[in-house]
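Since this is a predicted model, take the numbers as computed values, not measurements.
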Amino acid sequence: MKKTENQMLVIFGASGDLTARKLVPALFNLFIAQQLPENFVVLGVSRSDMTDMDFRNKVVLESTYLKERIANLKSNYISKFSDQFFYEDLGSDYDTSYDGLRKRIADLKNEHNTSGNIIYYLSTPPTLYETIAKNLAKAGLNTQRNGWKRLIVEKPFGYSLDTAKALNEGLQHHFREQQIYRIDHYLGKETVQNLLVTRFANSIFEPLWNRNYIHHVEITNAESVGVEKRGGYYDKSGALRDMFQNHLLQIVSLIVMEPPISDAPEDIRNEKVKALKSLRIMKDEKTLHIQTIRAQYMASSIDGEQVQGYREEEGVDSDSTTETYAAIKFFVDNWRWEGVPFYVRTAKRMPTKVTEAVIHFKTPHHQIFQDSGMNSKDNKLVIRIQPDEGILIKFGVKVPGQGFKVERANLDFYYSNLAQTHVMEAYERLLLDCMQGDATLYARADEVEAAWEFVDPILDYWKNGKNVRMYGYAAGVWGPENADELIDGIGFWRNPGPNLTDDPGFCVIC
Ligand code: BG6
């Protein structure tokens, strides 16, 4: 286990939901696993009037997100964790002098011997990112003369290509790119990282990983929930900005990328950028019309419970044209992927919560078993990101009896079989990586911009194009009726169930 240097974590927006819901539980896991630095302090910063003790109560001692975890632990053990938390009230505005904050940081550093290493975690609305970076710089809190300084920023990284560029420039004005860690929690998921291992640590997959053997690639990200209490945010964002531009294009880049020279952060990130830059940008309305589908969920009843339509949700405009379903078909312009279609969809209010990538292989070039029913049953590699994390290979086996009837069989691996290994939560892994200066799983500025370059024309078409369709789908179904039309040849999406080996549309009659 690599030793983590002494340091301080300063969280801006510390009174917000993310701190209690994700960051502190992640820190708690690291505490239990004894992976926090020997001398470590968390300083919460925001505009709420709180004492250190109020903050400890809010995010640790009385937090609903830790309640069950700490219920049976000894109080002095819990205090050892919560005593590392402190709070600083910035007053009414983030755009203020940070002299008081600088003094507090210096005092805590001296009292707790945390050294000058500091991570600033921006868990505020994105409109404040640049302001905070500027004020940190003004107060001299960005200099690395006495210990490193790192800045973690949460998505969204911009709202469009232009705003993303402006944000990158704004941050880079005060912090060097190497100091900026753009967090995408999908990259912290063990199974997303496993994409790299599956591809580059196995000689059986990589030789097949190209247009000669792969027919198409399909990625599904489905959530059963609606927009919940985030209607106000979501209505200005939509599925494409909220999930596709970041999380799903990250998955795409790991599938598309060329083998990196090594596992060094920059080697991997360079290949990911190249991959994103090779996505064919859809420019003309005809292509955008054929290759993109957007839709909104509508009121329905799921398991007897009445569910609101998107436009009825709190914070959502009653005439909203924001998509809660997005399905995109695209191509990758490089040697490896020429002519291979990629189908990627993401949506709220689907029948289940699931994320998976499916590599559909081509059927054998020469069919020996003419009546085998093989034609419509390609080999598939299913990489299940969540839930029931694992990998499934579908291959043909002979049905016992006369002749050569072929049926699909499953070869599967489940992460849960590795029960003795602690699988880190996304935020836990990413925080620890940043504490140790490993940026592999963080998005670089050029990566983010390349992703926006691909997404911008789609958003522009959806907003300004002629006769752009917005479909409806009943909450709880797999999207609009015409969603399957996007998939050439095969003609339908694989609609996965909660278990990895669930076979959609396939039932065994005994
Ligand atoms: C977030 C999106 O980034 O990811 C949410 O803003 C979405 O809308 C969430 O629900 C999904 O994350 P996960 O890890 O539950 O798949």
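- In this structure, F55 and F85 have tilted ring planes: the angle between them lies in the 30° to 60° band.
- Salt bridge status for E38 with K3: present, with a side-chain N to carboxylate O gap under 4.0 Å.
- With hydrogens and angles ignored, the 3.5 Å screen pairs no side-chain donor or acceptor of Y181 with any backbone N or O of D433.
- Side-chain atoms of T352 never come within 3.5 Å of backbone atoms of V354 as a donor-acceptor pair (strictly under, hydrogens ignored).
- By the 4.5 Å heavy-atom criterion applied to side chains, I359 and E218 are not counted as neighbours.
- Of the N and O atoms on the side chains of D267 and S262, at least one donor lies less than 3.5 Å from an acceptor on the other residue.
- A heavy-atom distance below 4.5 Å is found between the side chains of L23 and I11.
- Counted within 6.0 Å of CZ on R69, heavy atoms from surrounding residues, nucleotides or ligands total more than 12; the atom is thus considered enclosed.
- Formation of a donor-acceptor pair under 3.5 Å by the E356 side chain with backbone atoms of I383 is not found in this model.
- Side chains of N221 and H247: no donor on one and acceptor on the other come within 3.5 Å.
- Taking every heavy atom of both residues into account, L248 and R345 meet most closely at CD1-O, 4.0 Å.
- Counting heavy-atom neighbours within 6.0 Å of Q308 CD, excluding the residue itself, gives a total above 12.
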Practice prompt. Decide yes or no on side-chain contact (heavy atoms from CB on, under 4.5 Å) for F200 and W209, but give the supporting numbers first.
Written response: CA-CA 10 Å; F200 303 126; W209 210 264; over 6 Å; no

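- Annotation: cation-pi pair R241/Y159 present, NZ/CZ under 6.0 Å from the ring centroid and within 45° of its normal.
- Of the possible polar contacts, none joining the Y186 side chain to the L249 backbone as a donor-acceptor pair under 3.5 Å is found.
- Proximity of F81 to Q84: side-chain heavy atoms (C-beta onward) are separated by under 4.5 Å at one or more points.
- Note that the CD atom of Q179 and the CD1 atom of I119 stand 12.0 Å from one another [nearest 0.5 Å].
- The nearest pair of heavy atoms linking D93 to T96 is O-CG2, 3.1 Å.
- Two rings, from F330 and F454, have their centers less than 6.0 Å apart.
- Between the CG atom in N29 and the CG atom in L432 there is a gap of 11.0 Å [rounded to 0.5 Å].
- In summary, E177 and R269 do not engage in a salt bridge, as defined by a charged side-chain N under 4.0 Å from a carboxylate O.
- K277 has no carboxylate O lying under 4.0 Å from a charged side-chain N of D446, or vice versa, which leaves the two without a salt bridge.
- More than 12 heavy-atom neighbours from other residues, nucleotides or ligands sit within 6.0 angstrom of CD on E206.
- Between the side chain of N202 and the main chain of F205, no donor-acceptor pair closer than 3.5 Å is present.
- Ion pairing of D460 with K463 is absent here, as no side-chain N (NZ or NE/NH1/NH2) approaches a carboxylate O to less than 4.0 Å.
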Worksheet item: Where do Y325 and M350 land on the side-chain contact (heavy atoms from CB on, under 4.5 Å) test, with the steps shown first?
Response: CA-CA 9 Å; Y325 175 103; M350 297 270 101; 3.9 Å; yes

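- In this structure, Y297 and T324 approach most closely via the heavy-atom pair N-OG1, 3.0 Å.
- With T355 as reference, Q386 is the one residue of E389, K189, Q386, R384 to meet the side-chain hydrogen bond (donor to acceptor under 3.5 Å, both in side chains) rule.
- Here R150 does not pair with D438 in a salt bridge; the nearest charged N to carboxylate O distance is not below 4.0 Å.
- Two residues are said to be in side-chain contact when any heavy atoms from C-beta on lie closer than 4.5 Å; V153 and L171 meet this criterion.
- Between R182 and N246, the side chains place no donor N or O within less than 3.5 Å of an acceptor N or O (distance only, hydrogens not considered).
- Checking N6 against N117 by side-chain atom types alone, no donor-acceptor pair falls below 3.5 Å.
- The pair R444-E447 does not count as a salt bridge, with every side-chain nitrogen at least 4.0 angstrom from each carboxylate oxygen.
- Within the 4.5 Å cutoff, side-chain heavy atoms of N194 are placed close to those of V197.
- Separation of atoms NZ (K348) and CD (E313) is listed at 10.5 Å; rounding is to 0.5 Å.
- A salt bridge between E223 and R349 is absent, with no side-chain N of the basic residue lying under 4.0 Å from a carboxylate O of the acidic one.
- Under the 3.5 Å distance criterion, the side-chain polar atoms of Y234 are left unmatched by any main-chain donor or acceptor of K229.
- Side-chain atoms of N142 come within 3.5 Å of backbone N or O of H174 as a donor-acceptor pair.
- In this structure, a donor-acceptor pair under 3.5 Å is present between the side chains of W148 and E5.
- With salt bridges taken as basic N to acidic carboxylate O contacts below 4.0 Å, one links K155 and D242.
- Between W462 and T292, the side chains place a donor N or O and an acceptor N or O closer than 3.5 Å (distance only, hydrogens not considered).
- More than 12 heavy atoms of other residues, nucleotides or ligands sit less than 6.0 Å from atom NZ of K134.
- With salt bridges taken as basic N to acidic carboxylate O contacts below 4.0 Å, one links D17 and R21.
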Practice prompt. Decide side-chain contact (heavy atoms from CB on, under 4.5 Å) for L30 and E428; before the verdict, give the C-alpha distance in whole Å, the side-chain angles of both, and the deciding distance to 0.1 Å.
Written response: CA-CA 7 Å; L30 293 174; E428 183 185 347; 3.7 Å; yes

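- Y121 is listed as a side-chain neighbour of I183, based on a closest heavy-atom distance under 4.5 Å.
- Nearest heavy-atom pair, T19 versus G13, reported as atom, atom and distance to 0.1 Å: OG1-O, 3.5 Å.
- Judged purely by distance below 3.5 Å, without hydrogens or angles, the side chains of S79 and S82 never pair a donor atom with an acceptor atom.
- A 6.0 Å sphere centred on CD1 of I281 holds more than 12 heavy atoms belonging to other residues, nucleotides or ligands.
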Discussion item. Salt bridge (charged side-chain N to carboxylate O under 4.0 Å, His left out), that's the test. Do D99 and R102 meet it? Break it down for me.
Written reply: CA-CA 5 Å; D99 289 347; R102 185 181 53 211; 3.5 Å; yes

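- Ring geometry for F12 versus Y120: interplanar angle of 30 to 60°, hence tilted.
- Smallest separation of non-hydrogen atoms from A426 and H185: CB-O, 3.2 Å.
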Worksheet item: Going through the checks in order, is the side-chain contact (heavy atoms from CB on, under 4.5 Å) test met by I152 and L122?
Response: CA-CA 6 Å; I152 302 186; L122 307 194; over 6 Å; no

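- Between T51 and D54, the side chains place a donor N or O and an acceptor N or O closer than 3.5 Å (distance only, hydrogens not considered).
- Between T440 and D263, every side-chain heavy-atom pair lies at or beyond the 4.5 Å cut-off.
- Contact check on K103 versus D107 returns a salt bridge, with a Lys/Arg side-chain nitrogen under 4.0 Å from an Asp/Glu carboxylate oxygen.
- To the nearest 0.5 Å, the span separating CZ on F157 from OH on Y129 amounts to 7.0 Å.
- Using modelled atom types and a 3.5 Å distance limit, the side chains of T4 and Q436 yield a donor-acceptor pair.
- A 4.5 Å side-chain heavy-atom check between D317 and R311 finds every atom pair outside the cut-off.
- There is a side-chain donor-acceptor pair under 3.5 Å between S320 and D235.
- V45 and Y94 get closest at one heavy-atom pair: O-OH, 3.9 Å.
- D83 CG: more than 12 foreign heavy atoms inside a 6.0 Å radius.
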